[in-house]
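One structure is given below, encoded as structure tokens.
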Amino acid sequence: MSDEAFSAWFDALYTRYASDIIRVSYFYLGDRGKAEDVCHDAFVSLFVNRPALEPGHEKTWLLKVAMNRCRDIWRSAWVRRVISGSPAFEMIPAPDTLGKHMEKAEVLQAVHSLPADFREIFILYYYQGYGISEISGILNLPEGTISSRLSRGRKKLEAILGEERGESA
């Protein structure tokens, strides 16, 4: 691909996917600045590495890079000191079927309190609309693991929401 063609392709991908990358990263990290940094890192990686991507798989590749970067940041000592326990942040998710009768902020806070392994699957499944096989490809995990974590995550989420409402689990 010529430099001009690559530049046009890169600009089109940035225009199309940057907001999705920022949204997923923001949901994961709870910090707009860090989410923007993660998005920037993902696109810099694309620009520098110029991977041979099949058409239609660009967003998956970018999300995979962004999720890996989010995990690195989340595991850092700074995040454990500063971000953990912070209030839920406001965000407009894609339509979900988990609890239409519940307040979205309550659900977002509960999802944010899930362990990272469950939280990232919920982000990709409910808020980005990916299927189990697509998430398997993004996270490099078997489909059975994704299904299992999704199922166990739903149970954990129900327990969290039940506790917040004062219901017995």
Side-chain angles (χ1 to χ4, degrees), residues 13-43 53 56-75 79-80 83-167 169:
L13 289 180
Y14 186 85
T15 300
R16 181 182 243 170
Y17 300 127
S19 62
D20 287 339
I21 303 300
I22 290 172
R23 186 178 321 138
V24 166
S25 301
Y26 181 69
F27 190 85
Y28 199 102
L29 299 170
D31 181 290
R32 174 85 180 175
K34 293 248 178 253
E36 290 171 351
D37 289 346
V38 166
C39 179
H40 175 77
D41 291 349
F43 279 96
L53 301 174
H57 291 117
E58 299 91 352
K59 183 177 179 183
T60 301
W61 188 90
L62 288 164
L63 278 171
K64 183 184 276 189
V65 171
M67 294 295 282
N68 286 335
R69 183 68 183 117
C70 284
R71 269 188 233 116
D72 292 344
I73 292 170
W74 185 255
R75 290 175 184 149
V79 169
R80 284 192 296 274
I83 302 288
S84 293
S86 67
F89 39 86
E90 192 172 318
M91 177 177 136
I92 301 172
D96 66 306
T97 59
L98 196 58
K100 293 182 180 181
H101 64 283
M102 296 177 197
E103 294 291 324
K104 287 192 183 218
E106 182 182 4
V107 174
L108 287 174
Q109 187 173 11
V111 169
H112 189 61
S113 70
L114 289 172
D117 290 347
F118 296 101
R119 185 175 53 246
E120 63 191 14
I121 291 171
F122 267 72
I123 292 168
L124 294 171
Y125 187 82
Y126 286 107
Y127 295 95
Q128 286 296 308
Y130 282 102
I132 290 172
S133 62
E134 294 167 310
I135 296 170
S136 173
I138 291 169
L139 299 178
N140 290 327
L141 294 170
E143 289 182 23
T145 301
I146 302 300
S147 295
S148 174
R149 287 184 185 172
L150 197 54
S151 176
R152 289 191 336 241
R154 285 184 192 118
K155 289 177 184 171
K156 287 180 182 285
L157 195 58
E158 287 174 12
I160 292 167
L161 291 170
E163 287 174 14
E164 288 177 0
R165 293 187 173 160
E167 300 169 4

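- Taking both residues in full, the closest heavy atoms of Val38 and Ser25 are given as CG1-OG, 3.3 Å, listed atom of the first, atom of the second, then distance.
- A distance of 8.5 Å separates CZ of Arg152 from CG of Asp117, quoted to the nearest 0.5 Å.
- Contact of the Thr60 side chain with the Glu134 side chain is not registered, since no non-hydrogen atoms from C-beta on lie closer than 4.5 Å.
- Ile138 contributes atom CD1, which lies 5.0 Å from atom CG of Leu124 (distance to the nearest 0.5 angstrom).
- To the nearest 0.5 Å, atoms OH (Tyr14) and CG (Leu62) are separated by 11.0 Å.
- No side-chain donor from either of Arg149 and Thr145 sits under 3.5 Å from a side-chain acceptor of the other.
- Side chain of Ser147 to backbone of Glu143: a donor-acceptor contact under 3.5 angstrom is found.
- With sequence neighbours left out, Asn68 forms a side-chain contact (heavy atoms from CB on, under 4.5 Å) with Lys64, Arg71.
- Under the 4.0 Å criterion applied to side-chain N and carboxylate O atoms, Arg154 and Glu158 are not assigned as salt-bridge partners.
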Tyr130 vs Leu63, side chain to side chain contact (heavy atoms under 4.5 Å, CB included): CA-CA, chis, key distance, verdict: CA-CA 11 Å; Tyr130 282 102; Leu63 278 171; 3.1 Å; yes

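- Contact check for Leu150 versus Tyr126: side-chain heavy atoms found under the 4.5 Å cut-off.
- With values rounded to the nearest 0.5 angstrom, Trp61 atom CH2 is found 10.0 Å from Leu13 atom CG.
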Criterion side chain to side chain contact (heavy atoms under 4.5 Å, CB included) on Ile22 and Arg32, from CA distance to verdict: CA-CA 8 Å; Ile22 290 172; Arg32 174 85 180 175; 3.6 Å; yes

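- Every side-chain contact (heavy atoms from CB on, under 4.5 Å) that Lys156 has, sequence neighbours left out, goes to Leu114, Pro115, Phe118.
- Electrostatic pairing of Asp37 and Lys34 does not count as a salt bridge here, judged by no charged N lying under 4.0 Å from a carboxylate O.
- Looking only at side-chain heavy atoms (C-beta outward), Ile132 and Tyr125 come within less than 4.5 Å of each other.
- Here Arg16 contributes atom CZ and Glu58 contributes atom CD; the two are 8.0 Å apart, rounded to the nearest 0.5 Å.
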